[in-house]
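Heads up, the thing below is written out as C-alpha cells.
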Amino acid sequence: MLQSITDKDGVKRYLITLKVNGDAKTVLVKGNAILTNVLRDHLDLTGTKKGCELGDCGSCTVLLDGKPVDSCLMLAVEADGREITTIEGVAANGALDAIQESMINHAAVQCGYCTPGMVLSAKALLTRNPHPTEPEVREAIAGNLCRCTGYVHIVEAVLAASQGRTAPAEH
Amino acid sequence: MYMPDFEYHTPETLTEACALLDELGEQATVLAGGTDVLHKMKVGKLAPGHLVSLKNLDDLRTISHEPGRGIVMGALTSHNAIYTSRLLQKRYLSLPMAAHTMASNQICNMGTVGGNIVNGVPSADLPPILIALNASIRLVSSKGERTMPLEDFFHGSAETVIAPGELLADITIPDQPTTGSTYMKFGLRRSGALAVVGVAVSVTVKGDILEDVRIVLASAAPTVMRARKAEDRLRGKKISDELLAEAGEEAAAESRPRDSIRGSAEYRRNLVGVLTKRALRKAIDEGHS
C-alpha cells in the first residue's frame, strides 16, 4: 500500500522507494511528479535528459527492470518498488562500459544530448542479444533521436562493442 | 512541461478498480501504460480529477491458452510482451509483428494492448489484426461483465461503446480454422510512425479455394472497418492474382478515408487497394506470418 502524507495546505505527497542503479532511494513526491524530474531534481541524476517530454525523442530513456522506457511518460509513483538504471549506473567501479568506450572511440558523441538514452537503449539490446545485426541495432535505437544526425557512428560503435572491441575497424 | 494535479488511486484487484470507477464516475481516467494518458495530460487535452492506476492488477498482464476458449490476453499486456510471446509467435506471428511495428522500443515496453484498443484511434495497429483473428473482448464493471466481438466495440474516431465505470479486462482470440493472417502497414518512416493505412487479413484456404476471409482496414475510415464487400467478392472462389487485385479495388471503393497531413484521401484509397492485394497474397502463401 502506497504511503502518503498530506501537509497543512492540503498537498498530498507519496513516499515511494526506487531502486536506482542498485541503491534503494526513498523519495517524497506529488502524484503528478514525472519520473524524469524526480531522477533529476530529487536524486541529482542529471544524466537523464529532458527533450520533447512527450515520448518522441528518447533522451529521457532509463531502464525499468532492465527494459528501456521513456521516463517522461511515467509518473514517479508508478515506478514505486521498481528497479531503475540511469546512465550514471552504467559505468561500473569507475570504468566505462564497453559501449561508452566504443562510442567515444568512434566519435559517436556529437552534442551529446541523446547519448545517455542511446547508451541505455544499446545496453538493453546487447544484454538481450549480445550479437545483433546492423538492422537490429538501428531498430533498438529507433526511439532515440539524434538531432546532429550522427547515427552512422553510433551504429558502428554499438556493433563494435558487440564484437568485443571498442576501437574502429582498420580500413 | 506542466502536469495538472489529480488524485491518484492504486486499486489492488479488478473488483476494487471497478468499485472505484463506479464511485468516481466521469471524473476518473484509467491509467495503464500511460503513453497516451500522460501525453494528453501534458498537452492539455485531458485533466482528470482522479487517475485510477491499474499497475497492481498483475492478473491482467498474462497471455495463456485456455482449452475451449482460445488465447486469452490480459488488457495490460505490453506491445513488447506480445512481440516476444512464444505462444503468439507460434500460433499467429502476424499479431507479434503488428505489435512490433507500432512504435519505438521504449513505447512498446510501456504501452498496453488494452490502451491501444480503448483509445479508439482509427490508426491503431492492434485492433485490425485482432479483428481479422476474430477476437472478442471482456468488459467488466461493478454491475457485471459483458463479452462482445472486438469489431463491435468502435463507434467513431476515439469513440467506443465502453460505458463509464467499465474496464477492458482481456481479449480472447478463439481457436479457429484460419490458415493464414497478416498485417501490412504503410507509415511515413520505419519507426514510430502512425499508419497512413493499415490492412489486416485472415484467410482460410482449402486447396486453391479461398473458403473464408476477413479484411480489416486501419486509417481508412473514422473507425477501424471490415471491408465486407471485398470479402464477399473472395469467399468460395478459386485463388488467382486477378481475383486478389479485384478484391483490393473493392476494398478501396468501400473505404472512407479522409485527407490529413499524413496522406490525402485519394492516396489512402490507392494504398488500401495495393496493401489489400499484397496482404491477401502473403497470408495465402505464408500462413500466419
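In what follows, chains are A, B, ... by sequence order, proteins preceding strands, each numbered from 1.
- Interface remark: A:Arg128 contributes side-chain atoms only to the contact with chain B (heavy atom separation under 4.5 Å).
- In this structure, no portion of A:Leu125 lies under 4.5 Å from any heavy atom of chain B.
- Ionic pairing of B:Arg281 and B:Asp285 is present here: one or more N-O contacts between side-chain nitrogen and carboxylate oxygen are shorter than 4.0 angstrom.
- Within a 6.0 Å sphere centred on CD of B:Glu159, other residues, nucleotides and ligands contribute more than 12 heavy atoms.
- In this structure, the portions of A:Asp80 lying under 4.5 Å from any heavy atom of chain B include both its backbone and its side chain.
- Atom CG of B:Leu31 sits about 5.5 Å away from atom CG of B:Leu51, to the nearest 0.5 Å.
- Contact tally against chain A (heavy-atom pairs below 4.5 Å) for B:Thr10, B:Thr35, B:Asp5: the top residue is B:Asp5.
- Contacts of A:Leu2 with chain B are made by side-chain atoms alone, with heavy-atom separations under 4.5 Å and no backbone atom involved.
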Exercise for review: Kindly indicate, with the supporting measurements, whether the criterion ring pair (Phe, Tyr, Trp, His ring centres under 6.0 Å) is fulfilled by B:Tyr92 and B:His288.
Suggested key: CA-CA 5 Å; B:Tyr92 308 110; B:His288 290 288; 5.0 Å; yes
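- Remark: the backbone N or O of A:Met118 is not paired with any side-chain donor or acceptor of A:Ser121 at under 3.5 angstrom.
- The most heavy-atom pairs under 4.5 Å with chain B, out of A:Ala140, A:Gly58, A:Cys72, come from A:Cys72.
- Per-residue heavy-atom pair counts under 4.5 Å with chain B were compared for A:Val11, A:Thr61, A:Val77, and the maximum is reached by A:Val77.
- Of the listed residues (A:Glu78, A:Lys30, A:Lys67), the one with the most heavy-atom contacts under 4.5 Å to chain B is A:Glu78.
- Contact of A:Cys60 with chain B is not made at all, since no heavy-atom distance falls under 4.5 Å.
- The pair A:Lys12-B:Glu7 meets the salt-bridge criterion, with a side-chain N (NZ, NE, NH1 or NH2) lying under 4.0 Å from an Asp/Glu carboxylate O.
- Remark: B:Asp259 does not engage B:Arg268 in a salt bridge, criterion side-chain N to carboxylate O under 4.0 Å.
- The candidate from A:Gly31, A:Gly55, A:Pro68 with the greatest count of non-hydrogen atom pairs under 4.5 Å with chain B is A:Pro68.
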